[in-house]
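Below, each value reflects all heavy atoms present in this structure, side chains not excepted, and no hydrogens, waters or symmetry copies.
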Amino acid sequence: MREFIKLIKIPEIEESRDSITDYTIFLEQSFSRFGDSDLVIILEYENPEHKKVLFIEGKVKTSQSKKWDLENQFKKFEREEKYIGSSSNLFFQLYLKKLLFDNCNEGDFALGIEEPRFKENRKIGNNKVVLKAISLVRECQEAYYIGLIPSNEEDVTTFSGKTDFKIHFLSWFHVHEFCKKEERLKKVIEIFDYNEGQIY
């Protein structure tokens, strides 16, 4: 897990002298009206006050689509009006996780938070599993937002879009190459092989 997180290249994590003692992982975790998260990783430290959370949203390029385009995703995100598929936009999904993290410790969080873009009231609800995940997120001091995408390195490097919060990107290609080097991830390689052309 430590080596996987290094692939994301987050300086605040890589340069920290604090020792990571454990990881808490959620797959497809629901956050109710703040959307599901494909992967959530909570980094546990020796000092519990240094706990961090990574919100990771994954996108793939299926064989039916010519190209998954990062710039195009951002242009759609900048639209002021809703469009078909807006809720699955990479930037919008991460934006909702930012809204969630920034407000989850507010006293009126249970009443709902107005999402500024489309003026919608976002509530967390009363689902016990969701509330359990929220309680763990509340313990984190910092949050990081990651797009796991099918774009190549050049597309990421030349990407010029700017959000009002930092987004890190990780390509499926780098995840694939990482898995090839680790015998214990042989099953993951088999999944990549089976879905060749459907991920990146």
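- Applying the ring-ring contact (aromatic ring centres under 6.0 Å, His included) test between Phe169 and each of Tyr145, Phe159, Phe74, Tyr144 identifies Phe159 as the sole match.
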(Q) Does Ser37 form a side chain to side chain contact (heavy atoms under 4.5 Å, CB included) with Glu57? I'd like the steps, not just the answer. (A) CA-CA 6 Å; Ser37 190; Glu57 298 295 336; 3.5 Å; yes
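- Of the charged side-chain nitrogens involved, at least one lies within less than 4.0 Å of a carboxylate oxygen, so that Glu3 and Lys6 count as a salt-bridged pair.
- Inter-residue side-chain proximity for Ile113 and Phe34 is flagged as met; some heavy-atom pair is nearer than 4.5 Å.
- No donor-acceptor pair under 3.5 Å is formed between the side chain of Glu106 and the backbone N or O of Asp108.
- At least one donor-acceptor pair under 3.5 Å links the side chain of Asp69 to the backbone N or O of Asn72.
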Q: Carefully, step by step, assess Phe101 and Val53 under the rule side chain to side chain contact (heavy atoms under 4.5 Å, CB included).
A: CA-CA 9 Å; Phe101 184 78; Val53 59; 4.0 Å; yes
**Q.** Check against side chain to side chain contact (heavy atoms under 4.5 Å, CB included), Phe173 and Glu177
**A.** CA-CA 6 Å; Phe173 170 78; Glu177 291 300 305; 3.6 Å; yes
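- Under a 4.0 Å N-O distance rule, the pair Arg122/Glu120 qualifies as a salt bridge.
- Between Phe92 and Phe118, the ring planes are tilted. Angles from 30° to 60° get that label.
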Q: Could you go through the salt bridge (charged side-chain N to carboxylate O under 4.0 Å, His left out) check for Glu190 and Lys187 one step at a time?
A: CA-CA 5 Å; Glu190 291 176 4; Lys187 282 288 183 184; 3.7 Å; yes
Side-chain donor/acceptor pairs under 3.5 Å, residues 38-48, sequence neighbours excluded:
from: Asp38; atom 1: OD2; to: Gly58; atom 2: N; distance (Å): 2.7
from: Glu44; atom 1: OE1; to: Lys51; atom 2: NZ; distance (Å): 3.2
from: Glu44; atom 1: OE2; to: Thr24; atom 2: OG1; distance (Å): 3.0
from: Asn47; atom 1: OD1; to: Glu49; atom 2: N; distance (Å): 3.0
from: Asn47; atom 1: ND2; to: His50; atom 2: NE2; distance (Å): 3.4

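- For Glu71 (side chain) and Ser160 (main-chain N/O), a donor-acceptor pair under 3.5 Å exists by modelled atom type.
- Relative ring orientation between Tyr95 and Phe165 is described as tilted, the plane-to-plane angle lying within the 30° to 60° band.
- For the pair Asp155 (side chain) and Ser151 (backbone), a donor-acceptor distance under 3.5 Å is absent.
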Q: Show your reasoning for whether ring pair (Phe, Tyr, Trp, His ring centres under 6.0 Å) applies to Phe4 and Tyr23.
A: CA-CA 12 Å; Phe4 171 74; Tyr23 304 90; 9.9 Å; no
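- Relative to the six-membered ring of Tyr83, Arg79 meets both conditions, a distance below 6.0 Å and an angle of at most 45° to the axis.
- When the side chain to side chain donor-acceptor pair (under 3.5 Å) test is applied to Lys59, the partners found at least two apart in sequence or on another chain are Gln93.
- No side-chain donor-acceptor contact under 3.5 Å links Ser16 to the backbone of Ile13.
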Q.
Pair Arg2, Glu14 - check salt bridge (charged side-chain N to carboxylate O under 4.0 Å, His left out), show working.
A. CA-CA 10 Å; Arg2 184 79 179 112; Glu14 293 309 306; 3.8 Å; yes
Q.
Run Trp68 and Thr62 through side chain to side chain contact (heavy atoms under 4.5 Å, CB included) and show every step you take.
A. CA-CA 9 Å; Trp68 188 91; Thr62 65; over 6 Å; no
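- With Glu182 contributing its side chain and Leu185 its backbone, the two residues share no donor-acceptor pair below 3.5 Å.
- When atom types are taken as modelled, the side chain of Ser86 and the backbone of Lys82 share no donor-acceptor pair closer than 3.5 angstrom.
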